[in-house]
Amino acid sequence: MSVHVKEEPVLVPNCDVENTELAVFNGNGESELENFGTCVDEITDRVNQLEQKVVEVEHFYSTKDGAAQTNTSKSNSGGKKIAISQPNNSKCNSAGKEKSKGKHVSSPDLMRQFATMFRQIAQHKWAWPFLEPVDVKGLGLHDYYKVIEKPMDLGTIKKKMESSEYSNVREIYADVRLVFKNAMRYNEEKEDVYVMAESLLEKFEEKWLLIMPKLVEEEKKQADEEAEKHANKQLTLEAAQAEMARDLSNELYEIDLQLERLRESVVQRCRKLSTQEKKGLSAALGRLSPEDLSKALKMVSESNPSFPAGAPEVELDIDVQTDVTLWRLKVFVQEALKAANKGSGGTNAQNNNNTGTGEINKNNAKRRREISDAINKASIKRAKKA
């Protein structure tokens with residue numbers, strides 16, 4: 001990139017940007033600078049607080065969107081849907097394995113209906129072997145607990161029903177099936193206990209089918225109610241987050257206005273750069289690295305959108321720049337050159353024979369010469385016009 005700086009290339013030692021103190025304000029500069037610094041600190045603290053709230057809002061929506069994608073992955077839709085687990089009534093013998101774990105609570109009427117069905121099974125003439133826990137020691141069944149992982153009996157189920165330990169009929173259904181399945185697993189098919197358990201299980205499944213329609217209806221109704229409750233809760237949360245987002249937007253807008261007013265106030269109190277300072281700034285721009293020079297040109301374009309900061313060759317007229325831009329450039333150039341000198345000094349001390357560094361210095365020197373030539377050409381052109 002080639003930069004032509006329209007300014008007399010007269011360098012004054014005490015105008016060197018690297019060595020000058022930034023006496024920005026007229027009059028009582030220290031006091032005004034301290035006041036402006038306090039204002040900036042207050043604004044910064046407020047922005048940090050708002051930033052935390054913004055993170056909370058972003059986290060809420062990112063979490064919500066992630067949950068929505070998970071819940072609707074099967075349907076390949078990106079909408080905000082709520083996944084509701086429907087009861088599996090395709091096979092009665094699998095219903096006991098899908099306990100609702102409190103998600104569904106059977107109505108008292110359905111519990112009474114199941115209790116009647118249970119009583120009929122328990123009072124059957126073949127139910128007596130299953131009314132009490134298996135007497136493992138008395139019967140000498142030494143391998144019983146190796147074969148049966150979870151013993152169960154109708155008497156234990158009855159006690160749990162009377163003490164309201166079951167919340168829904170599916171849980172009771174699973175335990176009743178377990179009683180007969182255990183007996184069929186431990187005993188041979190030809191044994192009486194196996195035949196009795198198989199027969200009672202068949203009768204129990206037939207009675208279970210009679211209450212299934214009511215059970216499914218209840219579960220669907222309760223699932224719909226839970227879905228509606230969840231949706232309303234979600235809408236409330238979204239409304240609260242949306243309101244917070246609006247408040248954040250308004251507060252950030254107010255901060256922008258406050259910063260703009262502060263900037264205008266600073267500009268009004270800033271002294272103008274002297275002619276010598278402008279000349280020093282022009283020369284200092286030529287000593288910037290390509291990266292820092294691009295940043296400096298970007299500052300110019302921020303106050304002058306028509307300025308082609310990214311063009312291969314640009315012409316920068318120092319005299320037409322605003323006071324704010326000049327002061328920004330002055331501060332930036334001063335810090336950049338200090339950092340470059342400090343870094344290059346340390347590097348040269350440690351890497352005197354580093355060819356890479358020599359190449360970089362050569363490129364920088366070549367670039368500085370190009371900029372100096374451009375400055376001289378502008379000076380000659382101005383002299384001819386005069």
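All values reported here derive from a predicted model rather than from experimental measurement.
Atom OH of Y61 and atom CG of L237 lie 10.0 Å apart (nearest 0.5 Å). Taken to the nearest 0.5 Å, the OG1 atom of T116 stands 12.0 Å off from the CE atom of M111. Distance CZ/R261 to CG/D256: 10.5 Å, rounded to 0.5 Å. For the atom pair OG1 (T236) and CD (Q234), the distance works out to 9.0 Å, reported to the nearest 0.5 Å. Considering CD of E219 and OG of S106, their distance stands at 7.0 Å, rounded to 0.5 Å.
For the pair L50 and I255, the minimum side-chain heavy-atom distance is below 4.5 Å. For the pair E238/Q241, no side-chain contact is recorded, criterion being any heavy-atom separation below 4.5 Å from C-beta on. Counting heavy atoms from C-beta outward, L215 and F114 have side chains that stay 4.5 Å or more apart. In this structure the side chain of K214 reaches within 4.5 angstrom of the side chain of E218, judged on heavy atoms. A 4.5 Å side-chain heavy-atom check between R119 and K158 finds every atom pair outside the cut-off. N232 is listed as a side-chain neighbour of E228, based on a closest heavy-atom distance under 4.5 Å. Between E42 and T38 there is a side-chain heavy-atom pair separated by less than 4.5 Å. When side chains are defined from C-beta on, M196 does not count as touching F180, because their heavy atoms never get closer than 4.5 Å.
The minimum heavy-atom distance linking M117 with W208 is given by the pair SD-N, 3.5 Å. Of all the heavy atoms in D153 and T156, the pair that sits closest is OD1-OG1, 2.6 Å. Among all heavy-atom pairs drawn from L329 and A296, the shortest one is CD2-O, 3.5 Å. L285 and L293 make their closest contact through O-CD1, 3.9 Å (heavy atoms, listed as atom of the first residue, atom of the second, distance). The minimum heavy-atom distance linking E188 with Y194 is given by the pair O-CB, 3.0 Å. Residues M152 and L178 share a closest heavy-atom pair of CB-CD2, 3.9 Å.
The aromatic rings of F204 and Y173 sit parallel to each other, their planes meeting at less than 30°, with 60° as the upper class boundary.
Taken together through direct or relayed side-chain contacts under 4.5 Å among Ile, Leu, Val, Met, Phe, Trp and Tyr, M184 and V195 form parts of separate hydrophobic clusters. M244 and L235 fall into different hydrophobic clusters, where Ile, Leu, Val, Met, Phe, Trp and Tyr residues are linked whenever their side-chain heavy atoms come under 4.5 Å apart, directly or through other members. Under the 4.5 Å side-chain contact rule for hydrophobic residues, W128 and V179 share a cluster.
Using a distance-only test at 3.5 Å, with no hydrogens or angles considered, a donor-acceptor pair links the side chain of N168 to the main chain of E171. In this structure, the side chain of S62 engages the main chain of E58 through a donor-acceptor pair within 3.5 Å. Judged by distance alone, the side chain of S303 and the main-chain N or O of T325 form no donor-acceptor pair under 3.5 Å. Remark: side-chain polar atoms of D292 are not paired, donor with acceptor, to backbone N or O of L288 under 3.5 angstrom.
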Stepwise side chain to side chain contact (heavy atoms under 4.5 Å, CB included) check, V320 with D317: CA-CA 6 Å; V320 301; D317 191 345; 3.5 Å; yes
For a side chain to side chain contact (heavy atoms under 4.5 Å, CB included) check, start with the C-alpha distance between F307 and L297, then their side-chain angles and the critical distance, and finish with the verdict. CA-CA 9 Å; F307 180 75; L297 296 179; 4.0 Å; yes
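Checking T44 against D41 by side-chain atom types alone, no donor-acceptor pair falls below 3.5 Å. Side-chain contact, S107 with D109: no donor N or O sits under 3.5 Å from an acceptor N or O. There is a side-chain donor-acceptor pair under 3.5 Å between Q120 and K207. Side chains of R46 and Q49: a donor-acceptor N/O pair is present below 3.5 angstrom, by distance only.
In this structure, D192 places its CG atom where only 12 or fewer heavy-atom neighbours from other residues, nucleotides or ligands lie under 6.0 Å away. The neighbour count for E260 CD, taken as heavy atoms of other residues, nucleotides or ligands under 6.0 Å away, is above 12. The local environment of CD in E291 is sparse, with at most 12 non-hydrogen atoms from other residues, nucleotides or ligands closer than 6.0 Å.
A salt bridge links K160 to D175: at least one charged side-chain nitrogen sits closer than 4.0 Å to a carboxylate oxygen. Ion pairing of K272 with E277 is absent here, as no side-chain N (NZ or NE/NH1/NH2) approaches a carboxylate O to less than 4.0 Å. Contact check on K159 versus E165 returns no salt bridge, with no Lys/Arg side-chain nitrogen under 4.0 Å from an Asp/Glu carboxylate oxygen. Ion pair E302/R328 flagged as a salt bridge, since at least one NZ, NE, NH1 or NH2 atom sits closer than 4.0 Å to an Asp/Glu carboxylate oxygen.
By the salt bridge (Lys or Arg N to Asp or Glu O under 4.0 Å) test, K298 is found to be paired with no residue, residues two or more places apart in sequence or in another chain being considered.
Grouped by direct or indirect side-chain proximity (heavy atoms under 4.5 Å, Ile/Leu/Val/Met/Phe/Trp/Tyr only), Y145 sits with V134, V136, L139, L141, Y144, V147, I148, Y186.
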